[in-house]
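Every chain is numbered from 1 and lettered A, B, ... according to where its sequence line falls, protein lines coming before strand lines.
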Number of protein chains: 2
Amino acid sequence: MQTPVHQTPALEVVDPPKLKVEPLEAASSLRMLAYEALKRAITQMDIYGSTTEFRLDERQLSETLGVSRTPIREAMTVLEQEGFVRSVPRRGIFVVRKTKREILDLIVVWAALEAMAARLAATHASDSEIAGLRRLFHEFEAQPLASHMNEYSEANIAFHQAVIRMGGCRLIVDMTENLFLHMRAIRAVSVRQENRHEISMREHMAIIDALETRDPDLAERLVREHTMGLAAHVERHGVFPE
Amino acid sequence: MQTPVHQTPALEVVDPPKLKVEPLEAASSLRMLAYEALKRAITQMDIYGSTTEFRLDERQLSETLGVSRTPIREAMTVLEQEGFVRSVPRRGIFVVRKTKREILDLIVVWAALEAMAARLAATHASDSEIAGLRRLFHEFEAQPLASHMNEYSEANIAFHQAVIRMGGCRLIVDMTENLFLHMRAIRAVSVRQENRHEISMREHMAIIDALETRDPDLAERLVREHTMGLAAHVERHGVFPE
DNA sequence: CCGTGAAATACTGTATACGGTGTTCAGAAC
DNA sequence: GTTCTGAACACCGTATACAGTATTTCACGG
């Protein structure tokens, strides 16, 4: 702005000075801070470990976090919208424990969205992205078995999120983010079956193959069947309260 | 409660007096009232008709609705979560105008979820439900042409919502509800193509046929291609700001 | 006449106070 | 001993007040 205009010829395209200003607007409001803190706390706690209901007290939380009830309430509103807590008029705010039916619904939606993402990825993703997915897969194989034994392990979720990102549909990425957060919460009660992990890895490999051969129909079908297989597994063996 | 317990033999099952109390708890809180009022107002207004930005003033709204800012703010928080408004720190709250990219994403998610619902419906829906869908379809045909000319008409949306409900997945029903609300908003700028309506109706018929023959793969594919066809249509002919 | 700077205004985010209702505990009666 | 009723307490929803910051406008200088 200090530079006079006439010193810059109109037709000469110059690179801007690259000031590299920080975004700096991260985590501005207390409401956002409270939201993140509460979400972290909720997703980390083992909800399905016990049967006692977890009640959240606004006043207590406001004292613990050092803010007033207002940001807490606004954060709670968002968390309720996202399905993590449920506010009962005069009883308090409870951390929701999904029923078996609701968990199956979550998995079905997950299957639908990821199947579509896989279809899109098969046609739109770059070769390097698909190569990256294969690399990611091999990193999992190298990890100790215990860390990716079940469907809700970080490694497994990372694979699926990578597929979803490759679809290039931002809305699908955003929508599945909270879905996986719910999935993580129920990993504690997930049932392990000896050969399931092995089958899962083979199916992942097949999905990568389908993406590499640019076969949208096959990629979609494999992803859908893979995830719906998990739904069937939970349906049969999953043990959930209620 | 007035009746002594010993007058009712334990093994005798008697019909309760049927007091038929009203639910009465509907829309209790001002926050819910404000939410519904604002959502109605936003979805009804023609956002894409003009290019001027719609700003919502908390104070003005609180005076108009006769409540304080608090319920307004809480309602706004939910509406922002649902993607209807966007709150810019010091500028105000604006009604969001989706970009072409975002609208395409909405349609893709719609396609993914309804395709899955159709798959589920093909195996789980009852014969009478499918028959009801066909009846619904014929009611549309009987209506004047103008009322169901484009993809965002009430009649068309009702058809798709019926298919989604038949899937039996509650989460899909809930998630697509807001999706269609966004769809309604952009019907004003939807492009009409002479033969498109005719093609659309034929495709609807084919979907019903697939459900009747209990063919999940076909039903899913037809629904997906039908909706993705709309996406391609919008991609080519849609005119949206930005 | 245009640009810059400062001040005022206005709006948002946060805190706090208050009212109403639900819940729970205690006491009394059966 | 059990159950019902009433009162007290506690918590949620709403209103309102306050502070901080951004934006806009006006004035002054170049």
Side-chain angles (χ1 to χ4, degrees), chain A residues 1-8 21-39 52-81 84-96, chain B residues 1-8 10 21-38 52-81 84-96:
Chain A
M1 302 303 176
Q2 302 272 11
T3 311
V5 182
H6 63 270
Q7 287 196 0
T8 306
V21 267
E22 293 289 306
L24 118 74
E25 41 118 7
S28 46
S29 58
L30 289 182
R31 163 231 209 104
M32 215 57 189
L33 245 41
Y35 166 74
E36 288 166 6
L38 289 173
K39 191 165 187 175
T52 58
E53 298 211 334
F54 288 99
R55 206 187 94 233
L56 302 175
D57 186 31
E58 284 183 8
R59 197 151 307 177
Q60 186 185 327
L61 286 172
S62 75
E63 285 175 11
T64 306
L65 294 177
V67 295
S68 78
R69 282 175 51 219
T70 311
I72 305 281
R73 282 181 59 79
E74 295 190 340
M76 283 299 185
T77 304
V78 179
L79 288 171
E80 185 170 8
Q81 252 288 313
F84 290 105
V85 300
R86 178 176 172 76
S87 170
V88 185
R90 291 290 163 187
R91 300 292 300 271
I93 300 173
F94 299 92
V95 179
V96 295
Chain B
M1 301 299 178
Q2 301 273 11
T3 310
V5 181
H6 63 270
Q7 286 196 0
T8 304
V21 265
E22 294 289 306
L24 121 71
E25 41 112 11
S28 48
S29 59
L30 289 183
R31 163 231 213 104
M32 215 57 189
L33 246 41
Y35 166 74
E36 287 166 5
L38 288 173
T52 59
E53 298 211 335
F54 287 100
R55 207 185 95 234
L56 301 174
D57 186 32
E58 283 182 9
R59 197 153 305 178
Q60 185 185 327
L61 286 171
S62 75
E63 285 175 11
T64 307
L65 293 177
V67 296
S68 78
R69 283 175 50 218
T70 310
I72 304 281
R73 282 181 61 79
E74 295 190 341
M76 284 298 184
T77 303
V78 179
L79 288 171
E80 185 170 8
Q81 253 287 313
F84 290 104
V85 300
R86 177 175 172 77
S87 169
V88 184
R90 290 291 163 186
R91 299 294 300 272
I93 299 173
F94 300 92
V95 179
V96 295

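- For the pair A:Arg31 CZ and C:dT14 C1', the computed distance is 11 Å after rounding to whole Å.
- B:Leu56 has its CG atom 19 Å from the P atom of C:dA10, to the nearest Å.
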Steps toward side-chain contact (heavy atoms from CB on, under 4.5 Å) verdict (B:Val95, B:Phe84): CA-CA 6 Å; B:Val95 179; B:Phe84 290 104; over 6 Å; no

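- If you check D:dT14, C:dT12, D:dC11 against the side chain of A:Arg73, the one that comes closest is D:dT14.
- Between A:Ala34 and A:Pro71, the closest heavy-atom pair is CB-O, 4.2 Å.
- The backbone N or O of B:Ile72 sits nowhere less than 3.5 Å from a side-chain atom of B:Glu58 that would complete a donor-acceptor pair.
- For A:Met76 and D:dG13, the CE to P distance is 11 Å, given to the nearest whole Å.
- Atom-to-atom, CZ of A:Arg86 to C1' of D:dC12 comes out at 16 Å; the value is rounded to the nearest Å.
- Computed from coordinates, the A:Glu63 CD to D:dC11 C1' distance equals 13 Å when rounded to whole Å.
- Nearest heavy-atom pair, A:Arg69 versus A:Arg59, reported as atom, atom and distance to 0.1 Å: NH1-NH2, 4.3 Å.
- Between B:Thr77 and A:Glu74 the shortest heavy-atom distance is CG2-O, 4.1 Å.
- Following rounding to the nearest Å, A:Leu61 (CG) and D:dC11 (C1') show an atom-to-atom distance of 13 Å.
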Which atom pairs link the protein and nucleotides 15-18 of chain C when you take only N or O atoms and keep those under 3.5 Å?
unit_1	atom_1	unit_2	atom_2	d
C:dA15	OP2	A:Ser68	N	2.8
C:dA15	OP2	A:Ser68	OG	2.6
C:dA15	O5'	A:Ser68	OG	3.4
C:dA15	N7	A:Thr70	OG1	2.8
C:dT16	O4	A:Thr70	OG1	3.4

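- Taking each heavy atom of B:Leu56 and B:Val85 in turn, the nearest pair found is CD1-CG1, 4.0 Å.
- Between the CD1 atom of B:Ile72 and the P atom of C:dC11 there is a distance of 15 Å, given to the nearest Å.
- The distance from atom CG of B:Leu33 to atom P of D:dG13 is 15 Å, rounded to the nearest whole Å.
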